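Taking it in order: structure first as structure tokens, then the write-up.
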Amino acid sequence: MVAAAENMQTFGWDLFPGNRDSVFLGSGSIAGDELDISSFVVLPGFVDVHVHLREPGFSYKETISSGTLAAAHGGYSRVCAMPNLDPAPDSLQTLAPQLERIRTDAVIDVTPYGAITAHRGGRELADMEQLAPYVAGFSDDGSGVQDERVMERAMREAKAAGRILAAHCEDITLVRGGCVHDGDFARAHGLPGISSASEYAQIERDLALAKKTGAAYHVCHISTAESVALIRSAKRAGADVTCETAPHYLYFCDELLEDDGRFKMNPPIRSAGDRAALLEGIADGTIDMIATDHAPHAAEEKAGGLRRSLMGVPGLESAFAACVTALVEPGVIPLERLAALMSVNPSRRFSLPGRN
Ligand code: DOR
């Protein structure tokens, strides 16, 4: 992420949050009262459907105020807040404190997610019907829904409520205490690995359920080549499925890891082959949007290297620069496509308010 931020400076580009609908990018100069904007590009405000604002419950990591200030600085005009909070928003009663804090403290628009299951516990469904008018969709992000029958019921409920089900796909029986991708880097450094199957096996299960139930299904933070291939073929078969990946999976691969908590997140940074497949998925439209999975922790929680740090990295301020470096500069996609991946596509898919 640091490299990406530095890169933004070498471009000579900077972000100037505009009004709530747009962001200006450029390397203008200010002379007296005059701002030279001849080299500026105006893009629609970015929309991030996957951020962790940590409030209520974990405000020592981030608050709605600090998180939305970071988002505004990164060019975002709307973010969707994930529900791994305390309390988890699984009913109107538990959503209310979050909505109130958004109303008083957010500097950009924030749409929360509702939890899929009560307390994000994976067993009983949340009160999806009541939550639906207030949420972007439903997710238990931070963990996968392990029980297939619960997931099937959740898809039916989400469909009846007219909302998307956004799944964090992770089969915990395949994670086995891993801290990095199960590949060459893990083996070379004697670190426990997280297999690609822990992600794609659950995607495969859910794609079959989405077909069976007809639910609108969205896969969060995909990181593996197999995930791209599965989603590509489900789309070809006509499933109502979309997916996101995050800038760190496009910018890094495990060869570049350092034993530093800044490189630890879930899912982990995968192999060079996985990154290449993600770039292909971006180029051919299999991947619909880029979301940051902005997930800050306290400094001491990230100080334990790859083994002991908590999983999660911030991303709102560096996402655009990282994506220009990973996608636009090498010619994977033009800037217009990046703007679509970061604003129009997420906004449309989640039916978010604004100019879609
Ligand atoms: O790395 C991650 N951090 N992945 C997740 O799914 C959750 C997130 C968090 O909340 O810290």
Side-chain angles (χ1 to χ4, degrees), residues 1-5 50-52 61 82 84 140-144 146 167-204 219-230 243-282 287 290-315 318-319 322-323 325-326:
M1 292 302 134
V2 172
H50 195 135
V51 306
H52 298 270
K61 298 176 194 264
M82 281 297 177
N84 52 344
D140 267 3
D141 189 64
S143 38
Q146 304 301 315
H168 169 121
C169 288
E170 183 181 16
D171 180 337
I172 42 166
T173 64
L174 302 174
V175 174
R176 299 192 195 102
C179 65
V180 292
H181 173 59
D182 188 14
D184 293 344
F185 181 89
R187 279 186 284 281
H189 294 82
L191 292 167
I194 301 172
S195 71
S196 295
S198 67
E199 174 177 306
Y200 72 73
Q202 213 165 78
I203 295 178
E204 196 165 20
V219 193
C220 296
H221 46 51
I222 67 165
S223 66
T224 78
E226 292 88 347
S227 308
V228 179
L230 283 165
C243 69
E244 70 193 39
T245 192
H248 35 274
Y249 306 118
L250 302 168
Y251 190 90
F252 294 108
C253 61
D254 65 351
E255 288 162 23
L256 301 172
L257 292 182
E258 293 166 28
D259 187 10
D260 186 317
R262 287 182 306 143
F263 294 95
K264 186 169 179 188
M265 77 291 291
N266 187 24
I269 287 164
R270 304 281 185 185
S271 70
D274 290 302
R275 180 176 61 178
L278 292 170
L279 294 177
E280 225 178 289
I282 292 269
I287 297 174
I290 293 170
T292 61
D293 196 4
H294 177 84
H297 294 286
E300 58 277 17
E301 293 171 331
K302 294 299 284 179
L306 288 171
R307 272 187 194 272
R308 283 177 301 281
S309 296
L310 293 188
M311 289 170 155
V313 291
S318 53
C323 289
T325 307

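Note that the structure is predicted; figures quoted are calculated from it, not measured.
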Do [X] side-chain atoms and [Y] backbone N/O form a donor-acceptor pair below 3.5 Å?
X    : Y    : value
D274 : A225 : yes
S198 : E170 : no
H168 : G142 : yes
R275 : Y251 : yes
K302 : V313 : no
Q146 : I172 : yes
S309 : G304 : yes
Y249 : P267 : yes
E244 : H221 : yes
H181 : I269 : no

How many angstroms lie between atom [atom1] of [X] and atom [atom2] of [Y], to the nearest 0.5 angstrom?
X    : Y    : atom1 : atom2 : answer
I287 : I282 : CD1   : CD1   : 4.5 Å
F252 : R262 : CZ    : CZ    : 7.5 Å
S196 : R270 : OG    : CZ    : 4.5 Å
M265 : L310 : CE    : CG    : 13.0 Å
S223 : H248 : OG    : NE2   : 8.5 Å
L191 : C179 : CG    : SG    : 4.5 Å

State whether a side-chain donor-acceptor pair under 3.5 Å links D141 with H50.
yes
Would you call V219 and C169 a side-chain contact if the rule is heavy atoms closer than 4.5 Å?
yes
Audit row: E199, I222, side chain to side chain contact (heavy atoms under 4.5 Å, CB included) steps and yes/no
CA-CA 8 Å; E199 174 177 306; I222 67 165; 3.8 Å; yes
May I have the step-by-step check of side chain to side chain contact (heavy atoms under 4.5 Å, CB included) for R187 and D182, ending in yes or no?
CA-CA 8 Å; R187 279 186 284 281; D182 188 14; 3.8 Å; yes
Of the non-hydrogen atoms in [X] and [Y], which two are nearest, and what is the gap between them?
X    : Y    : value
L250 : I290 : CD1-CD1, 4.0 Å
G144 : Q202 : CA-OE1, 3.6 Å
P314 : H294 : CA-ND1, 3.5 Å
D260 : L306 : O-CD2, 3.6 Å
L230 : Y200 : CD1-O, 3.6 Å
T292 : P247 : CA-CD, 4.0 Å

Verify the neighbour count for atom CG of D259: are there more than 12 heavy atoms of other residues, nucleotides or ligands below 6.0 Å?
yes
Test side chain to side chain contact (heavy atoms under 4.5 Å, CB included) on D293 and C220 and set out the steps.
CA-CA 9 Å; D293 196 4; C220 296; over 6 Å; no
